[in-house]
A.B. asks: 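Just passing along the structure, written as structure tokens.
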Amino acid sequence: MIEVLSFDLDGTLVDTGGEIAAAVNLTLRDFDRAPLAQAAIEALIGAGAHELMRRVLARVDAAQALDHAAVMHCFEQHYAAQAGSMAQPYPGCVAALQQLLAAGLRLACVTNKEQRHAQRVLDATALAPYFELLIGGDTLAWKKPDARVLRHVVAALGSRPVHAAHVGDSQTDLAAARNAGVADWAVPWGYNAGTPIAQARPTRLFDSFAAIAAAALAPAAAPVRSAAIH
């Protein structure tokens, strides 16, 4: 049975594409670069804010004419101002977290977003009280998909990998779960670089938060099957 359930943040619990795109494009404006479409920016999300901006720079400044350290500093300021400003929990998220918490599951949020930004998003969306533990991309010496991240979470919450699952929207999340020996669960509505997460063959793929809660709370002898995603 599941005792510990961890969730990725961006693209899993909350839609943050708008605010991330805003911070990126404000930075590009400050350096006289044309804005990128939100969809193009979302396709680069998944390894934290700094890595996102490095990927953006590889696209808009291949000749490395810009001072990348200055760009990063500017982006940090813009994202600090934007974090949580447009974020919205996906449908059914709050109800499922309430159900899981009431049933006694230990919940964690594990993201590659820097912890201070992740905390602002959780606070702004009123999701923070549901999570006993928040791990950001700079909280530990490692970040997803390193096995030690989720192993740390499971141990900190007093369980074992066999009794844990991690829910995410990207191949990074699936690799993190598999590396740590916890169940790799996925949702199809996030930012997996424009590629359907089903192609990465997660052990469980859910079409709603209600289905995630049902699976997590199902007795081991009678597993709940999630809806197939095509």
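As a basis for the values below, the full set of heavy atoms in this structure was taken, side chains included, without hydrogen atoms, waters or symmetry mates.
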A.B. asks: Are side-chain heavy atoms of Gln199 and Asn192 found at a separation under 4.5 Å?
C.D. replies: no

A.B. asks: Quick check: do Leu5 and Ile212 have side-chain heavy atoms less than 4.5 Å from each other?
C.D. replies: yes

A.B. asks: So, applying salt bridge (charged side-chain N to carboxylate O under 4.0 Å, His left out) with Asp184, which one of Arg204, Arg201, Arg178 is it?
C.D. replies: Arg178

A.B. asks: Quick one, Thr111 with Ile135, criterion side-chain contact (heavy atoms from CB on, under 4.5 Å). Give me CA distance, side-chain angles, the key distance, then yes/no.
C.D. replies: CA-CA 6 Å; Thr111 173; Ile135 299 293; over 6 Å; no

A.B. asks: When rounded to the nearest 0.5 angstrom, what distance separates CZ in Arg33 from CZ in Arg59?
C.D. replies: 14.5 Å

A.B. asks: May I ask you to test the Leu127-Cys93 pair for a side-chain heavy-atom distance under 4.5 Å?
C.D. replies: yes

A.B. asks: With the side chain counted from C-beta on, respond yes when Leu13 and Cys109 share a heavy-atom pair under 4.5 Å apart, and no when they do not.
C.D. replies: yes

A.B. asks: With a 4.5 Å heavy-atom cut-off, do Pro35 and Leu28 have their side chains touching?
C.D. replies: no

A.B. asks: State yes or no: do Ile41 and Leu66 share one hydrophobic cluster built from I, L, V, M, F, W and Y residues joined by side-chain heavy-atom distances below 4.5 Å, directly or via other members?
C.D. replies: yes

A.B. asks: With sequence neighbours excluded, give me every ring pair (Phe, Tyr, Trp, His ring centres under 6.0 Å) pair touching residues 152-199.
C.D. replies: Tyr90-Trp189, Trp185-Phe206, Trp189-Phe209

A.B. asks: Are Thr16 and Gln88 side-chain neighbours, meaning at least one heavy-atom pair lies under 4.5 Å?
C.D. replies: no

A.B. asks: With a 3.5 Å distance limit and no angle check, can you tell me whether Thr203 reaches the backbone of Ala183 through a side-chain donor-acceptor pair?
C.D. replies: no

A.B. asks: Scan side-chain atoms only and decide if Asp30 and His78 contain a donor-acceptor pair under the 3.5 Å cut-off.
C.D. replies: yes

A.B. asks: Working to the nearest 0.5 angstrom, can you tell me the gap between Ile45 CD1 and Asn112 CG?
C.D. replies: 12.5 Å

A.B. asks: Would you kindly confirm whether Leu52 and Val110 end up in one hydrophobic cluster when ILVMFWY residues are joined by side chain heavy atoms under 4.5 Å apart?
C.D. replies: no

A.B. asks: Any heavy-atom pair between the side chains of Met72 and Arg54 that's under 4.5 Å?
C.D. replies: yes

A.B. asks: Please name the pair of heavy atoms, one in Ile2 and one in Val4, separated by the smallest distance, quoted to 0.1 Å.
C.D. replies: CG2-O, 3.5 Å

A.B. asks: Taking all atoms of both residues into account, what is the closest heavy-atom pair of Ile197 and Pro188, and its distance?
C.D. replies: CG2-CA, 4.0 Å

A.B. asks: So, the side chain of Glu19 versus the backbone of Met86: is there a donor-acceptor pair under 3.5 Å, distance only?
C.D. replies: yes

A.B. asks: What are the two closest non-hydrogen atoms of Lys113 and Ile20, and how far apart are they?
C.D. replies: NZ-CD1, 4.1 Å

A.B. asks: Is it true that Val71 and Leu36 fall in one hydrophobic cluster, defined by side-chain heavy atoms closer than 4.5 Å?
C.D. replies: yes

A.B. asks: Tell me whether Arg116 is salt-bridged to Glu76, with the criterion being a basic N under 4.0 Å from an acidic carboxylate O.
C.D. replies: yes

A.B. asks: Do Asp61 and His68 have side-chain heavy atoms sitting under 4.5 Å apart?
C.D. replies: yes

A.B. asks: For the residue pair Ala198 and Leu205, what are the closest heavy atoms and their distance?
C.D. replies: CB-CD2, 3.8 Å

A.B. asks: Rounded to the nearest 0.5 Å, how far does CE of Met1 lie from CG of Leu105?
C.D. replies: 8.0 Å

A.B. asks: Looking at every heavy atom in both Leu134 and Gln115, which two are closest together, and how far apart are they?
C.D. replies: O-NE2, 3.8 Å

A.B. asks: With rounding to the nearest 0.5 Å, note down the distance linking CE in Met53 to OH in Tyr79.
C.D. replies: 13.5 Å

A.B. asks: Does Arg151 have any salt bridge (charged side-chain N to carboxylate O under 4.0 Å, His left out) partners at least two apart in sequence or in another chain, and if so, which?
C.D. replies: none

A.B. asks: Which residues pass the side chain to side chain contact (heavy atoms under 4.5 Å, CB included) test with Ala128, not counting sequence neighbours?
C.D. replies: Gln119, Leu122, Asp123

A.B. asks: Taking side-chain hydrogen bond (donor to acceptor under 3.5 Å, both in side chains) as the test, write out the residues that go with Arg148, two or more places apart.
C.D. replies: Asp146

A.B. asks: Sort and list the pairs that fulfil salt bridge (Lys or Arg N to Asp or Glu O under 4.0 Å) and have at least one residue in residues 20-29, not counting sequence neighbours.
C.D. replies: none

A.B. asks: Are the side chain of Asp15 and the backbone N or O of Gly17 linked by a donor-acceptor pair below 3.5 Å?
C.D. replies: yes

A.B. asks: Count the heavy atoms of every other residue, nucleotide or ligand shown that sit under 6.0 Å from NE2 of His73, and state whether that count exceeds 12.
C.D. replies: no

A.B. asks: Report whether Leu157 and Leu97 are members of the same hydrophobic cluster (ILVMFWY, side-chain heavy atoms less than 4.5 Å apart, transitive linking).
C.D. replies: no

A.B. asks: Go through Glu3 and Arg160 one step at a time and tell me if the side-chain contact (heavy atoms from CB on, under 4.5 Å) criterion holds.
C.D. replies: CA-CA 9 Å; Glu3 298 174 348; Arg160 295 180 295 153; over 6 Å; no

A.B. asks: With Leu101, which residues qualify under side chain to side chain contact (heavy atoms under 4.5 Å, CB included), at least two apart?
C.D. replies: Leu107, Tyr130

A.B. asks: Are the charged groups of Lys144 and Asp8 less than 4.0 angstrom apart, N to O?
C.D. replies: yes

A.B. asks: What's the shortest heavy-atom distance between Pro202 and Leu174, and which atoms?
C.D. replies: CB-CD2, 3.7 Å

A.B. asks: Between Leu100 and Val154, is there shared hydrophobic-cluster membership here, with clusters defined by ILVMFWY side-chain heavy atoms closer than 4.5 Å?
C.D. replies: no

